[in-house]
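What follows is one structure encoded as structure tokens, with my remarks underneath.
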Amino acid sequence: MLQEGQTRELEQACAQASATTAALNRATARWHQEKPAPQGELFDLHLANFELWHLEDQARDLTSGDAAVAATKRAIDEVNQRRNDTAERIDDALLQALAGRNLPAAGAPLHSETPGQILDRLSILSLKLFHTAFEAQREDTDAAHREQNGLRLAALREQQNDLAGCLAALWAAILNGERRFKRYRQMKMYNDPSLNPVLYSAERQQQQISR
């Protein structure tokens, strides 16, 4: 359970989504220069996406051996689980805060995407913006590459602004009793040895061998 101050920060992150995107963009730039030091659930979520981005790059390194790639893929699974868990905790905290105000309104139309999921998307867009901006300014490539990434950069900025506006509008509608959201669990199966058939089949075979 989050402390009251942390929950207020999450509410503010939704209500002032444009400021949130600016804070995510600043963190993205800073973390490429110094060791990340996240504070609060929002930036814990952003750190998970930050780590995932670079792990995905490493997984595609053609010079890495099979063992290194396998280790990177396992690390991706672990960090992605942490990312999903953090987004769910954000939604849990917001719903708990809203419950004290008899919100979300039971009869309001249901919004399929939760605030935590939108914050996750904004986090990923921040990383896309940073890396696309880098590609748009690379001097060791040709003008066509820079131009193409400049166009992509403009599109990503528009997406980020639009999505921030959608989050702020959704949060305002929730507070006004006009929209609601539910807590949705990701129900990831591949990390659970009791649900992944590869894992539980291997365990069963190992038990038979050891008998």
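Remark: side-chain polar atoms of Thr20 are paired, donor with acceptor, to backbone N or O of Ala13 under 3.5 angstrom. Without hydrogens or angle criteria, Asp61 side chain to Asp57 main chain gives no donor-acceptor distance under 3.5 Å. Judged by distance alone, the side chain of Thr132 and the main-chain N or O of Leu129 form no donor-acceptor pair under 3.5 Å. Here the side chain of Asn176 pairs no donor or acceptor atom with the backbone of Glu178 at under 3.5 angstrom. Judged by distance alone, with hydrogens and angles left aside, the side-chain atoms of Asp142 form a donor-acceptor pair with the main-chain N or O of His145 at under 3.5 Å. Put simply, the side chain of Arg146 gets close to the backbone of Thr141: a donor and an acceptor are under 3.5 Å apart. Arg179 places no side-chain N or O within donor-acceptor distance of the main-chain N or O of Leu170, the cut-off being under 3.5 Å.
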Intermediate values then yes/no, side chain to side chain contact (heavy atoms under 4.5 Å, CB included), Glu56 and Ile76: CA-CA 7 Å; Glu56 293 285 4; Ile76 287 171; 3.8 Å; yes
Steps toward side chain to side chain contact (heavy atoms under 4.5 Å, CB included) verdict (His111, Lys182): CA-CA 8 Å; His111 199 272; Lys182 291 181 177 180; over 6 Å; no
Steps toward side chain to side chain contact (heavy atoms under 4.5 Å, CB included) verdict (Asn80, Asn84): CA-CA 6 Å; Asn80 194 46; Asn84 289 316; 3.7 Å; yes
Worked check of side chain to side chain contact (heavy atoms under 4.5 Å, CB included) between Leu94 and Phe181: CA-CA 10 Å; Leu94 292 172; Phe181 71 97; 4.3 Å; yes
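Of the inter-residue distances, the one linking Leu122 atom CG with Leu163 atom CG reads 4.0 Å to the nearest 0.5 angstrom. The CG atom of Leu153 sits 13.0 Å away from atom NZ of Lys128, with the distance rounded to the nearest 0.5 Å. Note that CD of Gln159 is 10.0 Å distant from CZ of Arg152, once rounded to the nearest 0.5 Å. Note: Leu125 CG to Gln160 CD = 6.0 Å, rounded to the nearest 0.5 Å. Atom CZ of Phe43 sits about 5.0 Å away from atom CG of Leu24, to the nearest 0.5 Å. Separation of atoms OG1 (Thr21) and CG (Leu119) is listed at 10.5 Å; rounding is to 0.5 Å.
A pairwise comparison of heavy atoms in Ala105 and Gly177 identifies CB-O, 3.6 Å as the closest pair. For the pair Phe50 and Pro36, the tightest heavy-atom approach, listed with the atom from each and the gap, is CE2-CG, 4.2 Å. For the pair Ala168 and Ala17, the tightest heavy-atom approach, listed with the atom from each and the gap, is N-CB, 4.1 Å.
Comment: Glu78 does not engage Arg74 in a salt bridge, judged by the lack of any side-chain N to carboxylate O separation of less than 4.0 angstrom. Using a 4.0 Å cut-off between charged side-chain N and carboxylate O, Arg8 and Glu11 make no salt bridge.
Environment of CD in Glu147: sparse, with no more than 12 heavy atoms of neighbouring residues, nucleotides or ligands closer than 6.0 Å. With a 6.0 Å radius and a threshold of 12 heavy atoms from other residues, nucleotides or ligands, Gln39 has its CD atom at or below the threshold. The number of heavy-atom neighbours closer than 6.0 Å to CZ of Phe134, taken from other residues, nucleotides and ligands shown, is 12 or below.
In this structure the side chain of Pro38 reaches within 4.5 angstrom of the side chain of Trp31, judged on heavy atoms. Side-chain atoms of Thr7 and Gln96, non-hydrogen and from C-beta on, never get closer than 4.5 Å to each other. Ser64 is not listed as a side-chain neighbour of Thr72, based on a closest heavy-atom distance of 4.5 Å or more.
Linking ILVMFWY side-chain heavy atoms closer than 4.5 Å, directly or via other members, places Ile118 and Leu175 in a single hydrophobic cluster. Side-chain heavy atoms closer than 4.5 Å link hydrophobic residues (I, L, V, M, F, W, Y) into clusters, and following such links, even through other members, never connects Phe130 to Leu156. In terms of hydrophobic clustering, with Ile, Leu, Val, Met, Phe, Trp and Tyr side chains grouped at heavy-atom distances under 4.5 Å, Leu52 and Ile90 are assigned to different clusters. Linking Ile, Leu, Val, Met, Phe, Trp and Tyr residues whenever their side-chain heavy atoms come within less than 4.5 Å places Leu42 and Leu47 in a single cluster. Put simply, Leu10 and Leu103 are part of the same group of oily side chains (I, L, V, M, F, W, Y) that touch within less than 4.5 Å, one to the next.
Sorted by first and then second residue, the pairs that involve residues 45-55 and meet side-chain hydrogen bond (donor to acceptor under 3.5 Å, both in side chains), not counting sequence neighbours, are Thr28-His46, His32-His54, His46-Ser123, Asn49-Arg83, Asn49-Asp120, Asn49-Ser123, Glu51-Arg82, Trp53-His131.
When only modelled atom types and interatomic distance are considered, Asp91 and Thr114 share a side-chain donor-acceptor pair under 3.5 Å. Gln81 and Asp85 share a side-chain donor-acceptor pair at under 3.5 Å. In summary, the side chains of Ser126 and Asn25 do present a donor paired with an acceptor at a separation below 3.5 Å, with no hydrogens or angles considered.
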